[in-house]
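Reviewing the structure listed below.
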Amino acid sequence: MTLSSLRLKKHADRRLKAGHLWLYSNEIDTDATPLKGLEPGQQVVVEAANGKALGVAYVNPNSLICARLVSREPTQGLDRSLLVHRLNQALALRQRLFAAPYYRLVHGEGDLLPGLVIDRFGDTLVVQLNTAGMQAVLPELLDALDKVLSPTTVVLRNDTSGRRQEGLELGVEVVKGEVSEPVMLEENGVRFTAPVLDGQKTGWFYDHRVNRAWLNPLVAGKRVLDLFSYVGGWGVQAAASGASEVLCVDSSAAALERVAENAALNGLHEQVSVGEGDAFEALAALKADGEEFDVVILDPPAFIKKRKDIPNGERAYGKLNREAIRLLGRDGLLLSASCSMHLAPERLVDVVRGAVRHQDRHGQILFQGHQGPDHPVHPAIPETSYLKALGVRVFRD
């Protein structure tokens, strides 16, 4: 296969040499290799300013990140062979980490497969193709998945905002097998069903597994509030760990139905109750009713999706934490999380510190968590590290 070239400006190869995989449009020598002559998803040989080949990337001339490196071997493009190799590398890591086949199998750039996310639910795979380059090799990817895992079912959750930015069509499709019943998974010894066709993201959030495992031993006999509960990942596990009472609050009635089903699946329907509504309104109503909890879990959606959202997003996180702390008893535990990549870990600490002091209480950080090891962080790409979780004792003298 003969590939076109993509020539970089002088010194624009420094990040690639340091391990990064992205190229921005302002780093391209467009006089030598015009971006407008390339098709979205097309593979190219990336060249330094002196013409030295640096590897193969796929491009999207309409995106700020105009190219993503897939191989550092100039003769090896993203084909079935390379996909099989990378999938085997990813699988080997997960099999070392987990005894059961429930995990994120591919975490994009973290697994050297930019633009690709795959979550595994036993013999069911849920795949997100977030870039034109990954969309272009879909047939080869499906062949590679059959070679490596032979899944019974493959679901394409191609309904992400990233696809819209790449100019790709949105949709959900079952491309192998069928989804005729709830898809099962197990996390930290607790069973769940995941809505892989119409739930959030791929239907489940494996990224908090380790953070939930930290919290679970601390909730026995406690009254727990789980805000933004989705299908009960935190709350049902808390009940399974001995919490005396768990209230799961979410704005989605469908998600709360799944909470009830997951509680019943584990024989916990008496411990778990649900409340539908906006989280901020729910906090105000619970306070007005004089409710008090031993543990409050905050796992909101990303309040900061772009850098320009940082000021407003930090204010929203601050308000959420302040109102949640008002519901804690004299000596309570707050689990405060953020999946906003643009919120630095130290800023979340500052947000929680400010919220604790606003309520005239003391705080002790007991735990600082992040995404689980099936969401590996690429050391040269800070954007692959996005999840933060703080376990904070909040108390009065």
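Note that the structure is predicted; figures quoted are calculated from it, not measured.
Residues passing the salt bridge (charged side-chain N to carboxylate O under 4.0 Å, His left out) test with Asp13, sequence neighbours excluded: Lys17. Residues passing the side-chain hydrogen bond (donor to acceptor under 3.5 Å, both in side chains) test with Glu47, sequence neighbours excluded: Ser5, Arg7. Asp278 meets the side-chain hydrogen bond (donor to acceptor under 3.5 Å, both in side chains) test with no other residue; sequence neighbours excluded. By the ring pair (Phe, Tyr, Trp, His ring centres under 6.0 Å) test, Phe395 pairs with His362, sequence neighbours left out. Not counting sequence neighbours, Glu383 has no partner by the side-chain hydrogen bond (donor to acceptor under 3.5 Å, both in side chains) test. Under the rule for a side-chain hydrogen bond (donor to acceptor under 3.5 Å, both in side chains), the partners of Tyr386 that lie at least two apart in sequence or sit in another chain are Asp207.
For Ser241 (side chain) and Val219 (main-chain N/O), no donor-acceptor pair under 3.5 Å exists by modelled atom type. Between the side chain of Tyr58 and the backbone N or O of Pro114 there is at least one donor-acceptor pair closer than 3.5 Å. Side-chain N or O atoms of Arg157 include one that pairs as donor or acceptor with a backbone N or O of Val196 at under 3.5 Å. With hydrogens and angles disregarded, no donor-acceptor distance shorter than 3.5 Å links the side chain of Arg357 to the backbone of Gly363. Counting only distance, with no hydrogens or angles, the side chain of Asp294 and the backbone of Arg223 share a donor-acceptor pair below 3.5 Å. Under the 3.5 Å distance criterion, the side-chain polar atoms of Asn216 are matched with a main-chain donor or acceptor of Arg212. Although no hydrogens or angles enter the test, the distance criterion places a donor-acceptor pair under 3.5 Å between the side chain of Asp250 and the main chain of Tyr230.
Sorted by first and then second residue, the side chain to side chain donor-acceptor pair (under 3.5 Å) pairs with a member in residues 192-205 read Asp119-Thr202, Glu187-Trp204, Thr193-Arg258, Thr193-Asn262; sequence neighbours excluded. Residue pairs satisfying the ring pair (Phe, Tyr, Trp, His ring centres under 6.0 Å) criterion with at least one member in residues 86-118, sequence neighbours excluded, are listed as follows: Phe98-Tyr103, His107-His375. Listed by first and then second residue, the side chain to side chain donor-acceptor pair (under 3.5 Å) pairs involving residues 308-337 are Asn312-Arg315, Glu314-Arg347, Tyr317-Ser338, Tyr317-Ser340, Asn321-Ser336, Glu323-Arg326, Asp331-Arg393 (not counting sequence neighbours). Pairs of residues two or more places apart, or lying in two chains, that qualify as salt bridge (charged side-chain N to carboxylate O under 4.0 Å, His left out) and include a residue from residues 140-149 are Asp146-Lys176.
Taking a 6.0 Å sphere around CD of Glu39, one finds it holds 12 or fewer heavy atoms contributed by other residues, nucleotides or ligands. Atom NE2 of His370 has 12 or fewer heavy atoms from other residues, nucleotides or ligands within 6.0 Å. Around atom CD of Glu270, no more than 12 heavy atoms belonging to other residues, nucleotides or ligands sit under 6.0 Å away. For CD of Gln364, the number of neighbouring non-hydrogen atoms (other residues, nucleotides, ligands) closer than 6.0 Å is greater than 12.
Side-chain contact between Val106 and Val127: absent, with no pair of heavy atoms (C-beta onward) separated by less than 4.5 Å. The shortest distance between side-chain heavy atoms of Glu73 and Val56 does not fall below 4.5 Å. Here the side chains of Trp234 and Val246 are not in contact, with every heavy-atom distance at 4.5 Å or above.
Under the 4.5 angstrom side-chain criterion for Ile, Leu, Val, Met, Phe, Trp and Tyr, the cluster partners of Leu265 are Met184.
For the salt bridge (Lys or Arg N to Asp or Glu O under 4.0 Å) with Asp374, the lone residue among Arg94, Arg104, Arg209 that qualifies is Arg209.
What you find for Thr384 and His378 is that their closest heavy atoms are OG1-N, 2.9 Å. Leu82 approaches Gly77 most closely through the heavy-atom pair CD2-O, 3.5 Å. For the pair Val224 and Ala243, the tightest heavy-atom approach, listed with the atom from each and the gap, is CG2-CB, 3.9 Å. Smallest separation of non-hydrogen atoms from Leu8 and Ile28: CD2-CD1, 3.7 Å. Between Val356 and Val394, the shortest heavy-atom distance links the atoms CG2-CG2, 4.2 Å. Looking at every heavy atom in both residues, Ala355 comes nearest to Gly318 through CB-O, 4.3 Å.
Distance CG/Leu129 to CG/Leu168: 9.0 Å, rounded to 0.5 Å. Taken from CD1 in Ile365 to CG in Leu348, the straight-line distance is 8.5 Å, to the nearest 0.5 Å. Separation of atoms CG (Leu97) and CG (Leu93) is listed at 4.5 Å; rounding is to 0.5 Å.
Under a hydrophobic-cluster definition in which Ile, Leu, Val, Met, Phe, Trp and Tyr are linked whenever side-chain heavy atoms come within less than 4.5 Å, directly or via other members, Val126 and Leu149 are assigned to different clusters. Taking hydrophobic clusters as Ile, Leu, Val, Met, Phe, Trp and Tyr residues chained together by side-chain heavy-atom distances below 4.5 Å, Leu116 shares a cluster with Leu145. Both Met134 and Leu156 are part of a single hydrophobic cluster, where members link through side-chain heavy atoms under 4.5 Å apart.
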Evaluation steps, side-chain contact (heavy atoms from CB on, under 4.5 Å), between Leu113 and Ile118 | CA-CA 10 Å; Leu113 286 168; Ile118 303 176; over 6 Å; no
Residue pair Val155, Phe121: steps toward the side-chain contact (heavy atoms from CB on, under 4.5 Å) verdict = CA-CA 11 Å; Val155 178; Phe121 304 88; over 6 Å; no
Donor-acceptor list for residues 61-70 side chains, cut-off 3.5 Å, not counting sequence neighbours:
residue, atom, partner, partner atom, Å
Ser63, OG, Ile65, N, 3.4
Ser63, OG, Ile65, O, 3.2
Arg68, NH1, Glu109, OE2, 3.0

